[in-house]
Novice: 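Got a structure for you, written out below as structure tokens; questions coming shortly.
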Amino acid sequence: MEKTFHPADIESRWYQEWETQGYFAPAGGDKAYSIMIPPPNVTGSLHMGHGFQEAIMDALIRYHRMLGYNTLWQVGTDHAGIATQMVVERQLEAEGLSRHDLGRERFVDKVWEWKEQSGGTITQQLRRLGSSLDWSRERFTMDPGLSAAVQEVFIRLYREGLIYRGQRLVNWDPALHTAISDLEVISEEEKGFLWHFRYPLAGGEGYVTVATTRPETMLGDTAIAVHPEDERFAHYIGRHVMLPLAEREIPVIGDEYVDREFGSGVVKITPAHDFNDYEVGRRHGLAMINIFDDDAQISDAAPQAYRGLDRFEARKRVVADMEALGLLEKVEDHSLKVPRGDRSGVVIEPYLTDQWYVDARKLAGPAIAAVENGDISFVPRQWENTYFAWMRDIQDWCISRQLWWGHRIPAWYDEAGNIYVGADEASVRAEHAIDAATELRQDEDVLDTWFSSALWTFSTLGWPQETPELKTFHPSSVLVTGFDIIFFWVARMIMMTLHLRDEVPFHTVYVHGLVRDAEGQKMSKSKGNVLDPIDLIDGIDLETLVQKRTAGMMQPQLAKKIDKATRRQFPEGIASYGTDALRFTYYSLASTGRDIKFDIGRIEGYRNFCNKIWNAARYVLMNCQDQDCGAGGEVTLGLADRWIIGRLDATSIEVARHIQDYRFDLASQALYEFIWNEYCDWYLELSKPVLWDEAAGDAEKRGTRRTLVQVLEAWLRMLHPLMPFITEEIWQSVAPLAGVSGATIMLQPWPLADGERHDPDAAQAIDWLQSVIVGIRTIRAEMNIPPSREIDVLLRGGDEQDEKRLAENSQYLKKLTKLARVSWLSEGNETPAAATALAGDLEILVPMAGLIDKDAEIARLEKEIGKLRSDLSRIQGKLENASFVDRAPPEVVAKEREKRQSQEQALSTLQEQLARIRTI
RNA sequence: AGGACUAUAGCUCAGUUGGUUAGAGCGCUACCUUGACAUGGUAGAGGUCCCCAGUUCGAAUCUGGGUAGUCCUACCA
């Protein structure tokens, strides 16, 4: 083995081996465990959020697989309708073409080509993370099977009246030319203006002032509204005003929706272009004038002068024209929430169109109940509130998208506009007895990508066929996801699955935090603060990183900023840390918080941890290979052996509990502490005195070697779900020595412990040894005694137990603290001038002769005594408080008394010692 | 506007049912290349647990109020 750990060469080797051997596929077993991957965008690439999420799922999957479950991790991708279509359209644009130049069929072919070309990127990256996904069952939302499921669901829900077509206001993206759901609209505060316009009263005497943030929409006004109880304006209700520019008379209506305090207290009503106005319009039976076309340019429904103008151009013209007419009263600065499309970034228009909807209200009932009654539970629990809040106020879901890439809606129209829903044109004709002479036209639209994702847990398993896989693996065990898609996906999956299968899609929803950069900023391409997990695994030099982050920027000045920030944050680029270190970093950050700040410092620490593991294994192999490791022959286990075996089991119990609770931060910490602070720091050191002592017996040496390899082999298995590669690589060499055979660590049992090997006697002995060693080391360090210098140590006080411990442990003690001699100072013997440390009642004396500076030791003792005194007075205060002694539980009081006793003892010992030193 | 969450060491974070002398990693200081590992070892320094009140024998932990920050939902034209 090499002296330092180099992850690169072992990772690809092992992944390939696992995959080709088919180890990722379900292998049978009584109990099933399954996770459906949240399908990433097929043409996308891996980001830190994916990395985090996949790491957690892989740990769960590997853990359960090793526990013997019939384990499936279903892999697949979704077709990401809008995002993918946009990419391909942009490519066409570069050739000066639009999708309309190609036509629907050829365009869709192009998208498939793009999918073939780029679709492998993310799946290759998933492999780099070590994800043990069952690739043999890979699915894609546009596959024939899944497409059939989508169609089946659409038809079924339509027939049940749960899908309907209607004309409503939708969120219209004028750049992408499609409706989007309200979840895909991001509203943010932006600076704007509030224009006050005068609308002349139809009678000719005076005017009414309305305030608006969107002057251009006045061309579509069909009323103005005041609050019915507003004394200033109520008398206008029922009268009319002349709408300027359009030269139409519109009524003044009274509606409680109007806020008297805001603006002028009078609102213009534009039912076709505002969600609130739409409702007002419906209440009052107002006309709806649609003044825009699909590009959000002014349509023919508006006065001639404005037709064909872009909405923002029209705004300028309207304001200018109103001003020219003397009808512009004033303009105020005003900040308002502007809705923008999350993909296109352009301002979204409320727009009146025909769309398909899912009646979400009906589906929501059972979906709420499933969480209320515990069929599904969220971890952490608080997310259930988020879920309920949304579900109880759910809006119908607009599922049609005016795109070409996606599942085309299986609906046909005849000339009269009748709707026929069915699997294909022929079956529609047959069902409704429509002869060939009647022309039928299929709906042009496709379904929202989330519609197909909502079926993911069962469509991937072969539904609508009742496959064996469906029976075995559905409902899935747990869904691992971020809170940002609870509405988009989680809620919709629950609704759809309950309705169509009458069972939940998963029993648990584990909601993890979102990965942010070191400053807590959301990682986004436009901010240029994204990190590619692969770059953390392989490393990347500064120039390449800068280039990667600034490539394809829309605004060059932004590129400069990102360039600078990147150079500041990663002056040396990023080192290569390997997959295991990256994964372990993710786990260590997976607490219950909502944000996960990714600090590059953390991963370096875990890279070092990998190296520690590597070298610990190196030590074990060097001492055990070609040696008798206890396979045959008599074996004696020493205290250290018995202790570490007990600690191993305790760690196993702890780790299992934390995984059960989805606390990967605690699980990873427990492993880290056991491996580094107990196995490496103590046990390996304690093994040396035995293995390197000529006098030690063969049975004893065999016992130590056996413990070394068996404990190592066990914790490799324990660690494997978190660090798959390094554990496999080392396990291959260690397992035979431990008497374990098998092709791969992946399929070995996880070392579940029951605590029976806990050995209190050994634990106490090692505890004793550790405190004596630490006491001696502290004196050495604080007295500046060189580590290389051998010293003598005297022990005093203590009881028989201490004497026994010393007898058992003196070799350990001598070796680990470099002692020439350790001996017992019996009663009555003259105590030499010495530096002192305490281990319980036991005094540890390091004679000063030539080693120890008197003043330094006095200072040290005074400091110790000071600490003890303040501690004692605190305890004393407690115990003198009558109500504490009376009311606190007796065991707590007893504990305080014990503490006082031992502290007093320690204090008097140190005080005596101080006095003695002072006399020298 | 409503709701949620967060506030603990210089930084990133743990802290179970209140019983703590408040922990870890990174960073920092000193010493050490000893035969697994300097991606290392040993020993240290470092905290008004955001503030104020309350409950309690006892509060980082529970309750109320405040401050600061983050987010979600709904929005006033």
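Being a predicted model, the structure only gives us computed values, none of them experimental. Here is the naming used below: chain letters follow the sequence lines, and residue numbers restart at 1 for every chain.
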Novice: Could you provide the dot-bracket string of RNA chain B, using ( ) for intrastrand pairs, [ ] for crossing pairs and | for bases paired to another strand, with Watson-Crick or G-U pairs below 3.5 Å?
Specialist: (((((((..((((.....[...)))).(((((.......))))).....(((((..]....))))))))))))....

Novice: Generate the contact string for nucleotides 39-45 of chain B. Rules: B means base contact, S means sugar-phosphate contact only, - means no protein heavy atom under 4.0 Å.
Specialist: BSSSSSS

Novice: Using the C1' atom on both, measure B:U8 against B:A68 and round to a whole Å.
Specialist: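 The same atom, C1', in both gives a distance of 16 Å.
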
Novice: Would you say the rings of A:Y606 and A:Y672 are close, in the sense that their centroids are separated by under 6.0 Å?
Specialist: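 Here the rings of A:Y606 and A:Y672 have centres that are less than 6.0 Å from each other.
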
Novice: Ignoring hydrogens and angles, answer whether the base of B:A36 and the side-chain atoms of A:E685 contain a donor-acceptor pair closer than 3.5 Å.
Specialist: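 A donor-acceptor contact between them is present.
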
Novice: With rounding to whole Å, what would you report as the distance between B:A60 and B:A9 at their P atoms?
Specialist: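 It works out to 15 Å between them.
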
Novice: One character per nucleotide, please: for nucleotides 5-17 of chain B, 5' to 3', B when the base has a protein heavy atom closer than 4.0 Å, S when only the sugar-phosphate does, - otherwise.
Specialist: -------BSSS--

Novice: Can you find a side chain N or O atom of A:K688 that sits less than 4.0 Å from OP1 or OP2 on B:A36?
Specialist: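 Yes, such a contact exists.
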
Novice: For A:W692 and A:S187, find the nucleotide of RNA chain B closest to each by heavy atoms; which residue's nucleotide sits nearer the 5' end?
Specialist: A:W692

Novice: Among A:E190, A:E184, A:E189, find the one that has a salt bridge (Lys or Arg N to Asp or Glu O under 4.0 Å) with A:R340.
Specialist: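 Only one option passes, and that is A:E190.
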
Novice: Which whole number of Å gives the distance between the C1' atom of B:G46 and that of B:U55?
Specialist: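 That atom pair is separated by 33 Å.
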
Novice: Using atom P of each nucleotide, how far apart are B:A43 and B:C57 to the nearest Å?
Specialist: 42 Å

Novice: In sequence, state the C-alpha distance, the side-chain angles, and the governing distance for A:E332 and A:H196, and then conclude on side chain to side chain donor-acceptor pair (under 3.5 Å).
Specialist: CA-CA 8 Å; A:E332 294 174 317; A:H196 292 247; 3.0 Å; yes

Novice: List the residues meeting ring-ring contact (aromatic ring centres under 6.0 Å, His included) with A:H334, not counting sequence neighbours, and say none if there are none.
Specialist: A:F262

Novice: Please tell me which of A:D259 and A:A617 maps to the more 5' nucleotide of RNA chain B, matching each residue to the nucleotide holding its nearest heavy atom.
Specialist: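 Result: A:A617.
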
Novice: With rounding to whole Å, what would you report as the distance between B:C75 and B:G18 at their P atoms?
Specialist: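 Those two atoms are separated by 41 Å.
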
Novice: May I ask you to check whether A:W614 and A:F5 place their ring centres under 6.0 Å from each other?
Specialist: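 Yes - the distance between ring centres of A:F5 and A:W614 falls below the 6.0 Å cut-off.
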
Novice: In whole Å, what separates the C1' atom of B:G15 from that of B:G3?
Specialist: 27 Å

Novice: Measure from CD on A:E673 to C1' on B:A24 and round the result to the nearest Å.
Specialist: 6 Å

Novice: Between B:U20 and B:A36, how far is it from one P atom to the other, in whole Å?
Specialist: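 B:U20 and B:A36 have their P atoms separated by 40 Å.
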
Novice: Quick one: is B:A36 close enough that its OP1 or OP2 comes under 4.0 Å of any side-chain N or O from A:R618?
Specialist: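 Checking A:R618 against B:A36: no side-chain N or O falls below 4.0 Å of OP1 or OP2.
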
Novice: For A:Y606 and B:G25, are the ring centres under 5.5 Å apart with planes inclined under 30°?
Specialist: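 No.
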
Novice: Counting only heavy atoms not in A:F193, do more than 12 fall under 6.0 Å of its CZ?
Specialist: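 For A:F193, atom CZ is not crowded (no more than 12 foreign heavy atoms under 6.0 Å).
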
Novice: Given atom CD1 of A:I186 and atom P of B:U73, what is their separation to the nearest angstrom?
Specialist: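 Answer to the nearest Å: 8 Å.
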
Novice: What's A:K878 touching, base or sugar-phosphate or nothing? Going by heavy atoms closer than 4.0 Å.
Specialist: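 No contact at all - A:K878 keeps every heavy atom at 4.0 Å or more from the nucleic acid.
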
Novice: When the P atoms of B:A53 and B:G10 are considered, how many whole Å apart are they?
Specialist: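 Nearest-Å result for B:A53 against B:G10 at atom P: 24 Å.
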
Novice: When you get a sec, tell me which of B:G35, B:C37, B:C57 is the closest nucleotide to the side chain of A:N881?
Specialist: B:C57

Novice: Can you tell me which nucleotide in B:A77, B:A36, B:C57 comes closest to the side chain of A:V267?
Specialist: B:A77

Novice: Got a sec, which residues hit side chain to side chain contact (heavy atoms under 4.5 Å, CB included) with A:T778, two or more places apart in sequence or on another chain?
Specialist: A:V774, A:E782, A:R860

Novice: Dump the intermediate steps for side chain to side chain donor-acceptor pair (under 3.5 Å) on A:Q905 and A:S902, then the final yes or no.
Specialist: CA-CA 5 Å; A:Q905 171 73 42; A:S902 67; over 6 Å; no

Novice: Answer yes or no: is there a side-chain heavy-atom contact under 4.5 Å between A:L813 and A:V793?
Specialist: no

Novice: A:Y586: which residues meet the ring-ring contact (aromatic ring centres under 6.0 Å, His included) condition with it, sequence neighbours left out?
Specialist: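 Expected list: A:F52.
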
Novice: Just the rounded figure in Å: distance from P of B:A77 to NE2 of A:H273.
Specialist: 17 Å

